[in-house]
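Inspection log for the structure reproduced underneath, given as structure tokens.
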Protein chains: 2
Amino acid sequence: MAFATACKLQEPVTIADKLFLDLRRAILEGELPAGKKISEPELATAYGVSRGSLREAIGKLENCNLVTRKPNIGARIIGFSTSQLMEIYQIREAMEGMAARLAAENMAEDEVARLRRILERHKAEIDQHHNYSQQDVDLDFHFSIIQGSKNSRLIRMLCQDLYDLVRFYRFRLKASFNRSEQAFQEHNLIVAAIERRDGEMAETLMRHHIRASRDYACKMLDKVSPSEV
Amino acid sequence: MAFATACKLQEPVTIADKLFLDLRRAILEGELPAGKKISEPELATAYGVSRGSLREAIGKLENCNLVTRKPNIGARIIGFSTSQLMEIYQIREAMEGMAARLAAENMAEDEVARLRRILERHKAEIDQHHNYSQQDVDLDFHFSIIQGSKNSRLIRMLCQDLYDLVRFYRFRLKASFNRSEQAFQEHNLIVAAIERRDGEMAETLMRHHIRASRDYACKMLDKVSPSEV
DNA sequence: CATCCTGACATTGTTGACACTTTCAAGTTA
DNA sequence: TAACTTGAAAGTGTCAACAATGTCAGGATG
């Protein structure tokens with residue numbers, strides 16, 4: 001997936017880094033269930049490393065907001081709740097809106113062209129009903145715009161901190177999400193605004209897009225489990 | 001300072017936590033100079049703790065973006081650059097704008113009243129030329145609005161991740177910053193919008209306020225050191 | 001019967017020692 | 001002299017053992 005590769009610039013050189021990536025993948029792909037308590041001795045022996053390295057890896061996971069720790073009690077995988085998902089959408093609306101504005105101002109021409117190609121790929125996969133890869137192409141789209149903002153800290157906050165959570169939720173709700181055609185239309189408008197270098201409009205459209213995505217997710221969650229917190 | 005106390009909910013119970021808070025304060029207040037390399041053995045003996053605890057504390061500092069680490073090479077305190085400061089302002093514009101919108105929608109009446117009182121304190125200190133405490137009152141103002149958003153993740157991202165950096169820069173540039181009267185007027189407008197529960201306007205005004213603050217900082221930096229990166 | 005102690009067990013926090021990598025200066029060679 | 005090699009020193013990464021804390025079942029007490 002282009003998203004993962006492009007977002008992870010540095011190779012894992014140390015054991016703790018490798019472990020961190022392993023555990024992150026395991027959490028994002030549901031191998032380690034949400035809400036589960038992490039037992040340090042258990043995991044350490046399972047992965048064949050010492051507790052020290054594991055603790056360092058857990059520390060990094062805490063930074064990604066994928067686990068929470070309490071002193072003298074331990075770490076657990078985050079749970080998922082509708083309210084937390086809504087919070088994430090609000091933050092994405094603000095930050096990706098800004099990213100779209102900056103991308104319209106700062107993206108190089110070839111980057112804009114690449115963005116347009118992602119859109120074409122998206123359309124092709126819709127026509128062929130490749131539902132499984134539409135999520136990847138969607139991530140690529142958002143990721144490219146974030147990169148285009150050229151704001152290194154914004155990029156880090158979104159790609160490293162927030163999008164892990166997005167993927168965490170997306171993986172667990174993927175069955176419900178099939179808004180690709182509508183999303184494609186909205187993506188189209190955003191790219192057009194970026195091509196016109198209209199930052200104001202790009203931001204407005206991106207915020208609208210993410211709000212629509214939030215509303216859709218909210219409706220789907222209500223349908224699936226109306227009583228769930 | 002109300003900001004620091006209210007933002008730190010949990011007591012430091014573990015050695016690594018205490019060390020983390022100590023080091024964070026030392027960095028924010030310039031005790032440890034920007035850009036300095038951190039020697040683990042040196043610091044560990046200086047604080048009378050083992051390297052393991054120190055490394056855990058450094059990990060937390062890395063999460064706050066106050067130090068950067070490279071494998072097998074070590075950690076160093078972040079440096080400061082105008083471009084990085086501008087990036088932070090862009091992110092604050094987006095996120096605090098959203099926070100102000102949500103605060104207008106979600107703040108309880110007594111919280112709004114408290115906000116108004118902060119403003120009165122601000123005015124009193126301007127009249128008495130208490131420049132040193134105006135920065136604190138400014139932090140309290142922004143912090144209260146962020147809290148008022150009721151978005152727990154937004155609060156965490158701003159208060160824990162971004163505002164450490166704000167304080168890092170503010171401490172090192174405090175001499176140049178004397179925009180309190182203008183800032184007070186802008187704060188006034190924002191509170192008025194929140195009191196009217198006008199989220200749209202609160203966001204617009206907050207974004208304007210932060211952009212004005214950025215422009216001012218930019219101008220000051222140019223005046224002080226036009227050639228600096 | 002419910003509540004409170006109590007003590008053994010399991011888990012986390014902390015430490016010092018060992019292994020590996022980087023750095024840097026002295027010496028060698030073209 | 002400049003560039004490369006080498007070896008020691010310093011620093012970081014990793015580990016296993018110890019100390020401190022939290023957990024929970026069993027029994028005593030009202």
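If you're wondering where the values come from, they're calculated on a predicted model, not measured in any experiment. Protein chains get the first letters and strands the later ones, always in sequence-line order, with residue 1 at the start of each.
Note: B/His142 and B/Tyr163 have tilted aromatic rings, judged against thresholds of 30 and 60 degrees for the angle between ring planes.
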If you restrict it to nitrogen or oxygen atoms, what contacts under 3.5 Å exist between nucleotides 9-12 of chain D and the protein, and what is each distance?
from	atom 1	to	atom 2	distance (Å)
D/dT12	OP1	B/Lys37	NZ	3.0
D/dT12	OP1	B/Ile38	O	3.3
D/dT12	OP2	B/Glu40	N	3.2

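A straight line from NZ of A/Lys18 to P of D/dT14 spans 8 Å, rounded to a whole angstrom. Rounded to an integer number of Å, the gap from CD1 of B/Ile15 to P of C/dG13 is 12 Å. The distance between atom NZ of A/Lys60 and atom C1' of D/dG13, rounded to the nearest whole Å, is 12 Å. As rounded to whole Å, 14 Å separates atom C1' of C/dT22 from atom CZ of B/Arg76. As rounded to whole Å, 12 Å separates atom P of C/dT11 from atom NZ of A/Lys36. Atom CG of A/Asp17 is separated from atom P of D/dG13 by 9 Å (rounded to the nearest Å). In this structure, B/Glu56 places its CD atom 15 Å from C1' of D/dT14, rounding to the nearest Å.
Qualifying side-chain hydrogen bond (donor to acceptor under 3.5 Å, both in side chains) partners for B/Glu56, counting only residues two or more places apart in sequence or in other chains: A/Arg55.
Residue-level contact check: A/Gly52 touches neither bases nor backbone, having no heavy atom under 4.0 Å from any strand.
OP1 or OP2 of D/dT14 has at least one side-chain nitrogen or oxygen of A/Thr14 nearer than 4.0 Å.
Between B/Lys150 and B/Glu111 there is a salt bridge, since at least one side-chain N of the basic residue sits less than 4.0 Å from a carboxylate O of the acidic one. In summary, B/Glu96 and B/Arg214 do not engage in a salt bridge, as defined by a charged side-chain N under 4.0 Å from a carboxylate O.
The distance from the CZ atom of B/Arg167 to the CG atom of B/Leu66 is 9.5 Å, given to the nearest 0.5 Å.
Inter-residue side-chain proximity for B/Met206 and B/His209 is flagged as met; some heavy-atom pair is nearer than 4.5 Å.
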